[in-house]
Amino acid sequence: MEEALALEVRHVSSSYRRRGRAQQEVLHDVSFTVGQGEILGLVGESGSGKSTLAKVILGMVRPDAGEVIHHTKRPQMIFQDPYSSLNPAYSVEWSLEEPLRIYGKYDRAERKRRVRDILERVELPEECLKARPSELSGGQRQRVSIAVALIQRPQFLIADEPVSALDVTIQAQILELLKKLNRELGLSYLFISHDLNVVYQLCHRVLVMEKGVIVEQGGVEEIYDHPQHPYTKQLLAAAE
């Protein structure tokens with residue numbers, strides 16, 4: 001039986017043109033899949049093309065070539081900096097309800113119920129609902145950001161460096177939460193990071209990207225114990 005897929009990326013290339021400069025390719029012939037319920041890591045240094053790939057997958061950037069096929073509805077993103085992704089003028093409750101209001105399918109009572117359900121999922125107390133982002137800790141804000149991404153019940157999430165701005169203790173708590181959501185909800189993730197140690201803790205498989213090219217991929221144990229590409233070995237050495 002074939003593996004059920006959440007996402008297929010087929011031979012995607014993408015480039016951009018800076019003013020006064022020649023066109024520069026950012027992604028070159030990128031192909032991979034994400035299985036349903038799988039956590040796939042994507043690692044590479046800053047500027048390697050990871051964030052551009054995320055934008056292509058979510059339809060924010062149109063690729064020059066190739067295609068992205070979603071097998072789930074309403075994919076969402078968890079951002080690196082929840083403070084900038086949450087509206088500072090409004091409460092947590094407003095931020096969580098707004099996607100449901102836009103969707104237009106739920107009455108007020110159902111929106112309130114779903115907001116409280118998702119707050120419990122991300123392990124935040126109900127009193128956080130009336131708070132604004134500036135009144136929360138960094139870890140609490142990231143939990144709210146995860147809740148916003150989950151409120152429409154997607155089955156596929158892109159997590160773009162979601163713990164890099166947090167201290168080590170809070171990082172561990174957020175990673176445990178992501179694991180729990182993966183187990184309980186069957187979520188699939190593309191987890192983007194420059195930190196191989198974080199990817200090792202969370203992911204089932206890993207892609208290594210250098211200059212817009214996937215240079216190596218495999219199970220996390222395989223990549224960590226038996227890296228083949230020089231760039232992978234370089235990243236692992238830097239993570240020690």
*Using atom types as modelled and distance alone, determine if a side-chain donor or acceptor of Gln171 lies under 3.5 Å from a backbone N or O of Leu166.*
yes
*With a 4.0 Å cut-off, would you call Asp117 and Arg113 a salt bridge?*
yes
*Among Arg108, Arg114, Lys112, which one satisfies side chain to side chain donor-acceptor pair (under 3.5 Å) with Glu97?*
Lys112
*Could you give the distance from CZ (Arg116) to CG (Leu96), rounded to the nearest 0.5 Å?*
10.5 Å
*Dump the intermediate steps for side chain to side chain contact (heavy atoms under 4.5 Å, CB included) on Ile170 and Ile174, then the final yes or no.*
CA-CA 6 Å; Ile170 304 302; Ile174 296 298; 4.3 Å; yes
*Is the closest side-chain heavy-atom distance between Val122 and Val144 below 4.5 Å?*
no
*Glu38 and Tyr189 side chains, donor-acceptor separation under 3.5 Å*: no
*When you look at Val92 and Leu136, which way does the side chain to side chain contact (heavy atoms under 4.5 Å, CB included) test go after all the steps?*
CA-CA 10 Å; Val92 167; Leu136 302 175; 3.7 Å; yes
*asked:* Is any side-chain heavy atom of Phe156 closer than 4.5 Å to one of Leu190?
replied: yes
*Closest non-hydrogen atom pair between Ser14 and Thr52, with its separation*: OG-CG2, 4.1 Å
*Check whether any side-chain heavy atom of Leu235 lies under 4.5 Å from a side-chain heavy atom of Glu45, and answer yes or no.*
yes
*Electrostatic pair Glu98-Arg101, nearest N-O below 4.0 angstrom*: yes
_Positive for side chain to side chain contact (heavy atoms under 4.5 Å, CB included) with Ile78, one of Val148, Asp160, Ile158, Leu178_ = Leu178
_Shortest non-hydrogen contact from Pro99 toward Ser95_ = CD-O, 3.2 Å
*Is a side-chain donor or acceptor of Glu110 paired with a backbone partner of Asp107 at a separation under 3.5 angstrom?*
no
*For Val30 and Ile214, which heavy atoms make the closest approach, and how far apart are they?*
CG1-CG1, 3.9 Å
*Checking Lys50 side chain against Gly44 main chain: does a donor-acceptor pair fall under 3.5 Å?*
yes
_Verdict with supporting geometry, Ile69 and Arg10, side chain to side chain contact (heavy atoms under 4.5 Å, CB included)_ = CA-CA 8 Å; Ile69 302 171; Arg10 297 179 176 176; 3.5 Å; yes
*Where Leu119 and Leu129 come nearest, the two heavy atoms and their spacing*: CD2-CG, 3.7 Å
*asked:* Applying side chain to side chain contact (heavy atoms under 4.5 Å, CB included) to Val206 and Tyr200, what does each step give before you reach the verdict?
replied: CA-CA 9 Å; Val206 59; Tyr200 185 81; over 6 Å; no
What pairs of donor and acceptor atoms, side-chain ones from residues 55-66 against any protein atom, are under 3.5 angstrom apart with sequence neighbours left out?
unit_1	atom_1	unit_2	atom_2	d
Asp64	OD2	Ser15	N	2.8
Asp64	OD2	Ser15	OG	2.5

*Hey, could you give me the CD/CZ distance between Glu161 and Phe79, rounded to the nearest 0.5 Å?*
13.5 Å
*With the side chain counted from C-beta on, respond yes when Lys180 and Glu123 share a heavy-atom pair under 4.5 Å apart, and no when they do not.*
yes
_Leu5 CG to Gln36 CD distance, which is reported to the nearest 0.5 Å_ = 7.5 Å
*When rounded to the nearest 0.5 angstrom, what distance separates CD in Gln76 from OG in Ser145?*
10.5 Å
_So Leu187 and Leu150, do their side chains get closer than 4.5 Å, heavy atoms only?_
yes
*asked:* Tell me whether Ser48 contacts the main-chain N or O of Glu210 through its side chain, where contact means a donor paired with an acceptor under 3.5 Å.
replied: no
_Partners meeting side-chain hydrogen bond (donor to acceptor under 3.5 Å, both in side chains) with Gln234 (sequence neighbours left out)_ = none
*May I ask whether Leu202 and Leu181 are part of the same hydrophobic cluster, defined by side-chain heavy atoms of I, L, V, M, F, W, Y residues being less than 4.5 angstrom apart, directly or through others?*
yes
*Taking side chain as C-beta onward, heavy atoms only, is His11 less than 4.5 Å from Ser31?*
yes
*Could you give the distance from OG (Ser164) to NE2 (His194), rounded to the nearest 0.5 Å?*
6.0 Å
*Under 30°, 30 to 60°, or over 60°: which ring-plane class applies to Tyr90 and Trp94, parallel, tilted or perpendicular?*
parallel
*CG-CD1 distance between Asn182 and Ile39, expressed to the nearest 0.5 angstrom*: 3.5 Å
*Would you check if Glu8 and Val68 make a side-chain contact, meaning some heavy-atom pair closer than 4.5 Å?*
no
*asked:* Please check: side-chain N/O of Ser188 versus main-chain N/O of Gly37, any donor-acceptor pairing under 3.5 Å?
replied: yes
*Are the side chain of Glu216 and the backbone N or O of Gln228 linked by a donor-acceptor pair below 3.5 Å?*
yes
*asked:* Show the nearest heavy-atom pair for residues Ala149 and Met77, with the distance to one decimal.
replied: CB-O, 3.9 Å
_Option from Gln140, Arg141, Arg143 for which side chain to side chain contact (heavy atoms under 4.5 Å, CB included) with Cys128 holds_ = Gln140
*asked:* With a 3.5 Å distance limit and no angle check, can you tell me whether Gln155 reaches the backbone of Ala6 through a side-chain donor-acceptor pair?
replied: no
*Taking side chain as C-beta onward, heavy atoms only, is Leu27 less than 4.5 Å from Met209?*
yes
